[in-house]
Amino acid sequence: MRIVHYVNQFFAGIGGEDSAGTGPELRDGALGPGRRLAAVLGDAHEIIATAICGDDYAAGHPEFAAELVEQARERGAEMVVAGPAFTSGRYGMACARIAAAASEAGLPALAAMHPDNPGLGEAAGTSVVESGLTARQMRDSLERFAAATLKIAAGEELTAQDGRIGPVARTNRRAERNAAERAVALVLTRLGGDGEATEIPLPDFDQVTPAAPIADAAEALIALVTEGGFVPAGNPDRLESARATKWVRHSLEGLDSAAAGSFESVHGGFSTQWANADPNRILPLDMARVLEREGAIGRLHGEYLGTTGNGTTVADARRFGMEWAAELRQANIQAVVLTAT
Amino acid sequence: MDAVAGAGLTRVVHEVRELELGERTSYSAGRLTVGEQRARDLLEDPAFAEVRVACASPGDATRIVGVLDAIQPCSKGPGGGGVFPGLLGPALPVGRGETHVLRGAAVLAAGYLPRAQEAIIDMSGPAAPLSPLGATCNLVVEFTPAEDAAWEDVDAALRRGLVRVAAHLAEAALDAEPDAVEELPEPGSTANGKPRVAVVTNLQTQGKFKDVFVYGRSLSGGLPTVITPGELDDGAVVSGQYGHPALKNPTILHQTHPVAAALRANDELELAALVLCPEPVDQANKELISAHAARLCAGLGVDAAILSKEGGGNADADVTLKMDRLEEEGITAVGILAEMAGRDGTGPPLVVPPTKATAMVSTGNYDERMTLPACERALGRDRVALLDQPSTDELELPVAVIYCAQSTLGWGRLTCAETA
C-alpha cells in the first residue's frame with residue numbers, strides 16, 4: 001500500500017516549541033520515525049510522503065487535517081498513519097484528527113499514542129494503537145505500530161491484544177423494563193450479594209498537574225478566559241447556552257470595562273440577571289485594567305477566549321482546553337484568569 | 001411510629017382516551033371535553049395579555065415546543081378538595097382519603113420563559129415513545145405575557161393556572177364510574193421481614209425558573225424531609241424547573257412516581273419511606289444534604305435506597321455523594337442517572353462518579369442525536385431557537401431536548417450500553 005505518515009514539527013526535524021506554529025505541508029518520502037517504520041513494514045508497503053504540521057497550528061486550525069488528507073489523496077495515498085505521539089497532548093490530538101479525517105475520506109487509517117494522551121478522545125472511532133510514554137520507547141512503539149498498520153492495511157480489525165486503545169462507544173437503546181423497575185431489580189441483585197452489578201461502568205478521569213506559579217506578575221502578559229457564556233451583546237457567534245461545541249474570541253482593545261449592554265452572558269445554567277447588569281462579574285475586565293494601570297500585572301492580553309461550561313462534553317471541553325493552550329502559548333501569555341460559573 | 005390504622009390513599013382512576021374542546025367541561029367513558037372558555041377563565045391573571053388552550057393527543061402530527069410543566073388532573077372533591085396544597089388547597093398535609101385522577105390526560109404549558117431550555121414533545125413519530133407526554137391526551141396552555149409583567153409573575157401565574165385547570169378537569173369525573181380503584185397504604189413500620197427500601201428524590205433548587213415547590217414552598221435552604229408517596233399523588237410537589245428538558249421531572253412524574261410504583265408492585269421489597277432532598281448549588285451544602293439524607297435513611301432502618309436527580313452535570317453529585325454516604329451507613333444504594341458521554345458515546349458517562357458505591361441504572365446518553373421528522377402543527381413556539389428553524393421542520397437534535405426522555409424518576413425504557 002502507498003502510505004502517508006503524519007508527524008509533528010519536532011519529529012520532522014523542523015524544530016521544537018519555537019516551531020510549533022509551522023503550517024501543514026507534505027514532503028516526499030519517509031522522515032524521522034517514518035524511516036524506521038518503513039523498514040519494519042517491509043517491501044509490501046511504501047511510505048510515499050510525510051505529512052507535517054506544527055502542534056500549535058494543528059491545535060488552533062482543526063481544518064489542517066482535512067487539507068493534509070486531501071493532499072495525501074492527490075499524491076495517491078491508499079492509507080494514512082499518524083504518530084506515535086506518546087503522551088504529548090497537542091501532537092496526540094493532531095494524530096487523532098488526521099486519522100479521523102482520513103477515515104472520513106474513506107481511507108484506512110491508524111494513529112499511535114499512549115492511552116493517557118488527552119488527544120485520544122478526538123479519534124472519533126478510528127483505530128488507535130498503544131505507544132510508550134515517551135520517545136525513549138520509540139523502538140517498541142514502532143514495532144507495535146507497524147504490526148497494527150499491517151493489520152489495518154489487510155482490512156482487519158484491531159483487538160485489545162494488538163494494543164488497540166480508546167474509548168468504546170456506548171449507544172442508546174430501549175430496555176425491556178423501565179428504569180424504575182430496573183432499579184428495583186438491581187436492589188434485589190445487590191441485596192442478594194452481587195457487589196458488581198451495574199448499568200454504568202465507573203469512568204476514568206485524567207488528573208491535570210497545575211503549572212508552576214509565575215515568578216513576577218508585574219512582568220507577565222495575562223489573558224482573561226471564561227466558561228461563563230460571555231459574549232458581545234446579541235451573541236453574534238450564536239454561542240450555545242448549553243452543551244457548547246465551540247468557543248469564541250473577541251477583542252478587548254480600547255475597553256476599560258465590560259459595560260452592560262455591550263456584553264452579556266448566554267449561560268443556561270444560572271440566572272444571568274446579575275451578570276447582565278454588570279458583565280464584569282463574569283469577565284473581570286474592569287479590575288484587570290485597574291491592576292494593569294497600577295502595574296500589578298504586566299499587560300492584559302488584547303482579546304478574551306470564552307465558551308459556555310454547561311453540560312459540555314468532556315471531549316469538547318478537552319478540545320477547547322488544548323486549542324486555548326495552543327492559542328495562548330502562541331500569544332506568549334504567561335498566565336490566565338479563568339472565571340468559572 | 002405506627003401510622004393511623006389503615007391510613008393511606010385510595011386512588012380512583014378514570015382513564016382518558018379522547019380529548020376535545022367544547023362548551024362545557026365533562027367526562028364520560030374515557031372522553032374528556034374541556035370547556036374552553038372556563039379553562040381560559042381559570043388561567044386568567046394580570047400577568048397574561050392572552051392565554052390559549054389546544055389539544056394534542058397521541059398519534060397527532062403535532063409537535064409541542066418549549067414545554068414547561070405538565071400536571072395530571074386530580075381532585076378530592078369540589079374545588080379540588082385540597083389537592084396541590086400551598087398553591088390551590090391550604091398548605092396542610094394531604095395524601096389520605098380518596099383522590100380521583102384522570103389517567104392518560106395532562107395539562108401542560110408551553111412557551112417562552114427565561115432560563116427555560118427548549119423542551120420538545122412529538123405526539124407521533126420516533127420521538128413520541130421517548131416522552132411520557134407523547135402517550136397522554138394533553139391540554140396545551142399557550143400564553144402571551146402582559147406588556148409590563150415580570151417574568152417571575154408570568155411563571156407564578158402559569159403554575160397557579162395549571163393546577164386550577166387540572167383540579168377543574170378531574171372534578172368532572174367525581175361522579176363517574178371509575179376504571180380502577182387502587183389502595184395505596186402509607187409506608188409504615190410493618191415488620192414483615194422484607195428488605196426495606198427508601199426512595200430518595202432530589203428536587204432541583206437553583207433559583208427562579210429552576211425550582212421545585214413542596215406545599216407551595218421551595219425546598220431550597222432546607223434539609224431532607226420524609227413525605228408519603230400519597231402526598232405526591234395529591235400534588236404536594238409541583239415543579240417550576242425548566243432546565244435540561246430530557247432530565248426534567250415535571251409534576252406529573254412526581255404524582256405518578258415510577259420508583260414508588262415499581263416498589264409497590266414488587267412482592268419481595270417493602271417501600272419504607274420517600275425522602276425529598278434539595279439540590280444545593282455549592283459543594284459544601286451538597287455534602288451536608290447528602291450526609292444528612294444518609295443519616296435519615298439509617299434512622300428509618302432501611303436496607304437499601306433508590307436515588308434520582310433533576311438537572312445536569314452538577315446534579316450527578318447530589319446522587320453520587322448520597323450513594324457513597326449511604327454505603328458508609330451500610331445501606332445498599334442504587335442511583336438512577338443519565339449519561340453525558342458526547343455525541344459518539346465515547347466520553348466519560350458521568351460528571352461526578354461515586355467513589356464507594358457502584359450500582360447505577362442508566363437512562364441513556366443525553367448527547368446522542370436523533371432526527372425528528374417534519375410535522376403538520378406546532379404548539380408552544382413557532383421556531384426552535386436552538387436550531388433557528390421552524391418548529392414543524394425536520395429537526396436533528398440531541399436526546400437532551402426530548403421532554404423527560406431521561407427522567408431519573410425512571411418512567412422510561414431508554415438505556416445505554418456498549419456497542420457490540
Side-chain angles (χ1 to χ4, degrees), chain A residues 100 120-125 166-192 194-206 238 240-243 245 267-273 309-318, chain B residues 114-115 117 129 195 197 206-209 243-244 258-259 261-263 266 268-269 303-304 306 312-313 332 334 336-337 339-350 353-354 358-368 388 398-400 408-419:
Chain A
L120 186 55
E122 293 281 305
V168 179
R170 290 169 62 77
T171 48
N172 286 342
R173 59 203 63 202
R174 294 185 79 195
E176 291 282 312
R177 292 175 295 173
N178 75 24
E181 291 159 349
R182 285 166 13 236
V184 169
L186 187 51
V187 165
L188 284 167
T189 305
R190 287 291 186 128
L191 289 176
D194 180 336
E196 306 287 326
T198 187
E199 290 184 7
I200 308 179
L202 286 180
D204 263 341
F205 287 103
D206 47 275
R238 300 193 65 78
E240 301 97 328
S241 63
R243 301 183 302 280
T245 57
H267 201 289
F270 59 89
S271 171
T272 52
Q273 180 184 357
N310 180 25
T312 313
T313 66
V314 173
D316 280 326
R318 187 183 277 140
Chain B
R115 304 188 72 195
Q117 286 168 264
V197 184
Q206 295 189 358
K208 286 170 187 161
F209 314 110
H244 295 283
V259 178
L263 278 169
N266 188 288
E268 297 172 69
L269 297 170
D303 302 291
I306 298 174
T332 293
V334 172
I336 307 180
L337 291 148
E339 304 187 33
M340 300 172 117
R343 278 185 193 209
D344 62 359
T346 60
L350 300 174
T358 54
M360 292 177 276
V361 164
S362 168
T363 61
N365 178 14
Y366 180 88
D367 299 306
E368 193 171 306
D388 197 20
V399 176
T408 64
L409 292 180
W411 83 274
R413 285 164 47 197
L414 204 58
T415 187
C416 205
E418 282 188 8
T419 311

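In what follows, every chain begins at residue 1, and chains take the letters A, B, ... in the order their sequences are listed.
- Summarising the geometry of B:Thr358 relative to A:Thr198, their closest heavy-atom pair is O-OG1, 2.9 Å, with the distance given to 0.1 Å.
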Q.
Run B:His244 and A:Asn310 through side-chain contact (heavy atoms from CB on, under 4.5 Å) and show every step you take.
A. CA-CA 10 Å; B:His244 295 283; A:Asn310 180 25; 4.1 Å; yes
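- For the pair B:Cys416/A:Ile200, no side-chain contact is recorded, criterion being any heavy-atom separation below 4.5 Å from C-beta on.
- Only the side chain of B:Ala304 comes within less than 4.5 Å of a heavy atom in chain A; its backbone stays farther off.
- Counting heavy atoms from C-beta outward, A:Gln273 and B:Pro114 have side chains that stay 4.5 Å or more apart.
- Only the side chain of B:Val197 comes within contact range of chain A, judged by heavy atoms closer than 4.5 Å.
- Heavy atoms closer than 4.5 Å to chain B are found in both the backbone and the side chain of A:Ala183.
- Residue B:Pro195 touches chain A through its side chain alone, counting heavy-atom pairs closer than 4.5 Å.
- The environment of B:Arg413 atom CZ is dense: over 12 non-hydrogen atoms of other residues, nucleotides or ligands sit within 6.0 angstrom.
- Taking 4.5 Å as the limit, some side-chain heavy atom of B:Asn266 sits within range of a side-chain heavy atom of A:Leu188.
- When all heavy atoms are compared, the tightest approach of A:Phe270 to B:Arg115 is CA-NH2, 3.1 Å.
- The shortest non-hydrogen separation linking A:Leu191 to B:Asp303 is CD2-O, 4.1 Å.
- Comparing A:Ala242, A:Gly166, A:Pro201, A:Gly269 by heavy-atom pairs within less than 4.5 Å of chain B, the highest count is held by A:Gly269.
- In summary, the side chains of A:Arg182 and B:Thr363 do not present any donor paired with an acceptor at a separation below 3.5 Å, with no hydrogens or angles considered.
- Of the candidates B:Glu339, B:Glu418, B:Glu368, B:Glu339 is the only one forming a side-chain hydrogen bond (donor to acceptor under 3.5 Å, both in side chains) with A:Arg170.
- Only the side chain of B:Tyr366 comes within contact range of chain A, judged by heavy atoms closer than 4.5 Å.
- Of the residues considered (A:His267, A:Arg177, A:Arg238), A:Arg177 shows the highest number of contacts with chain B, using heavy-atom pairs under 4.5 Å.
- Contact of B:Leu409 with chain A is made through the backbone alone, with heavy-atom distances under 4.5 Å.
- Heavy-atom pairs under 4.5 Å with chain A peak, among B:Val334, B:Val259, B:Thr415, B:Thr346, at B:Thr415.
- Per-residue counts of heavy-atom pairs under 4.5 Å with chain A were compared for B:Gly243, B:Pro353, B:Gly207; the largest is that of B:Pro353.
- Of the listed residues B:Gly312, B:Gly364, B:Ser362, the one with more heavy-atom pairs under 4.5 angstrom with chain A than any other is B:Ser362.
- Each of B:Ile336, B:Leu269, B:Thr408 has some count of heavy-atom pairs under 4.5 Å with chain A, and the biggest count is that of B:Leu269.
- With hydrogens and angles disregarded, a donor-acceptor distance shorter than 3.5 Å links the side chain of A:Asn172 to the backbone of B:Asn365.
- With a 4.5 Å cut-off on non-hydrogen atoms, A:Glu240 does not touch chain B at all.
- Proximity to chain A involves both the backbone and the side chain of B:Leu350, based on heavy atoms less than 4.5 angstrom apart.
- Considering only heavy-atom pairs separated by less than 4.5 Å from chain A, the leading option among B:Ala262, B:Gly347, B:Gly345 is B:Gly345.
- Proximity to chain A (any heavy atom under 4.5 Å) is restricted, for B:Asp367, to the side chain, taken from C-beta onward.
- Neither the backbone nor the side chain of A:Asp194 has a heavy atom closer than 4.5 Å to any heavy atom of chain B.
- Interface remark: B:Thr332 contributes side-chain atoms only to the contact with chain A (heavy atom separation under 4.5 Å).
- Considering CZ of A:Arg174 and CG of B:Leu414, their distance stands at 8.0 Å, rounded to 0.5 Å.
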